[in-house]
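To keep things clear, I will list the structure first and then write my remarks on it.
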Amino acid sequence: MASSDAHTAYDFSFPSIIGGEVHLSDFQDKVVLLVNTASMCGFTPQYEGLQKLWEDYRDDGLVVLGVPSGDFGGQEYADDAAIQEFCEVNFDVDFPLTSKTDVTGDDAHPFYKWAAEELGAERAPKWNFHKYLIGRTGKLVESFDTRVKPGDDEVVSAIRSELAGG
């Protein structure tokens, strides 16, 4: 689907790192923290915080979705199996991951083009570990840049607010 035809995040899907598709519509009535990730970045330790959020809030309706990308400095493995192994072995990641995906430029995944249209280009990813918070209705609620860690108060407060009904 073209990003201009989308009304909510539920209009998008990503190839899954384990095969098949990750349909954002499968997360209706959930809160989604969608994060472009990279395995060889100085911010890669944020995987720990993302996993902790997933463990702490998934029973309340939070989904953490990692979107591996090599767009910034080529800091991601080329092979999905290597990405998945890195995440599992080094950070015990068990939240869903997409296949390696472009998040910027002309080849950006349509979700990322839509998110930039919705929130403005200044809130699009400028580096790895940019975070988008999607509310229970599929609307973009917030974005957090790379330097904002998953466990920072502003992220946790926004997640809790959305889980409580916005």
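Hydrogens, waters and symmetry mates are skipped; everything else that's a heavy atom, side chains included, is used.
- Interatomic distance, F95 CZ to Y47 OH, rounded to the nearest 0.5 Å: 6.0 Å.
- Taking all atoms of both residues into account, the shortest heavy-atom contact from Y132 to P125 is OH-CD, 3.5 Å.
- Y112 is listed as a side-chain neighbour of L34, based on a closest heavy-atom distance under 4.5 Å.
- Atoms NE2 and CZ, from H109 and F14 in turn, are 4.0 Å apart once rounded to the nearest 0.5 Å.
- Considering every non-hydrogen atom in both W114 and A9, the closest pair reads CH2-N, 3.4 Å.
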Let me have the donor-acceptor pairs involving side chains of residues 20-31, under 3.5 Å, with sequence neighbours excluded, atom names and distances please.
residue: E21; atom: OE1; partner: S13; partner atom: OG; Å: 3.0

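- The shortest side-chain heavy-atom distance between I17 and K100 does not fall under the 4.5 Å cut-off.
- Proximity of a side-chain donor or acceptor of T44 to a complementary backbone N or O of C41 within less than 3.5 Å is detected.
- Within a 6.0 Å radius of CD in E85, other residues, nucleotides and ligands contribute 12 heavy atoms or fewer.
- We find the CG-OH distance between L163 and Y57 to be 8.0 Å, quoted to the nearest 0.5 Å.
- Remark: T146 pairs with no residue by the side chain to side chain donor-acceptor pair (under 3.5 Å) rule, at least two apart or across chains.
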Q. Should V155 and V148 be marked as a side-chain contact (heavy atoms from CB on, under 4.5 Å) after you check the CA-CA gap, both sets of side-chain angles, and the distance that decides it?
A. CA-CA 8 Å; V155 176; V148 179; 3.4 Å; yes
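- Scanning for side chain to side chain donor-acceptor pair (under 3.5 Å) contacts around K126 gives an empty result, with sequence neighbours left out.
- Ionic pairing of E118 and R123 is not present here: no N-O contact between side-chain nitrogen and carboxylate oxygen is shorter than 4.0 angstrom.
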Mind listing the side-chain donor-acceptor pairs of residues 59-79 below 3.5 Å, one per line with the distance, residues two or more places apart or on another chain?
residue: S69; atom: OG; partner: D71; partner atom: N; Å: 3.2
residue: S69; atom: OG; partner: D71; partner atom: OD1; Å: 3.4
residue: S69; atom: OG; partner: T101; partner atom: O; Å: 2.9
residue: D71; atom: OD2; partner: V103; partner atom: N; Å: 2.6
residue: D71; atom: OD2; partner: T104; partner atom: N; Å: 2.8
residue: D71; atom: OD2; partner: T104; partner atom: OG1; Å: 3.1
residue: Q75; atom: OE1; partner: N128; partner atom: ND2; Å: 2.9
residue: E76; atom: OE1; partner: S39; partner atom: OG; Å: 2.6
residue: E76; atom: OE2; partner: S39; partner atom: N; Å: 3.2
residue: E76; atom: OE2; partner: S39; partner atom: OG; Å: 3.3
residue: D79; atom: OD2; partner: A81; partner atom: N; Å: 3.1
residue: D79; atom: OD2; partner: A82; partner atom: N; Å: 3.0

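- Here the shortest heavy-atom pairing between L50 and L33 reads CD2-CD2, 3.9 Å.
- Applying the side chain to side chain donor-acceptor pair (under 3.5 Å) rule to pairs touching residues 86-97 yields Q51-D94, W54-D94, Q84-E88, sequence neighbours excluded.
- Remark: Q46 engages F43, F129, K131, K149, P150 in a side-chain contact (heavy atoms from CB on, under 4.5 Å) (not counting sequence neighbours).
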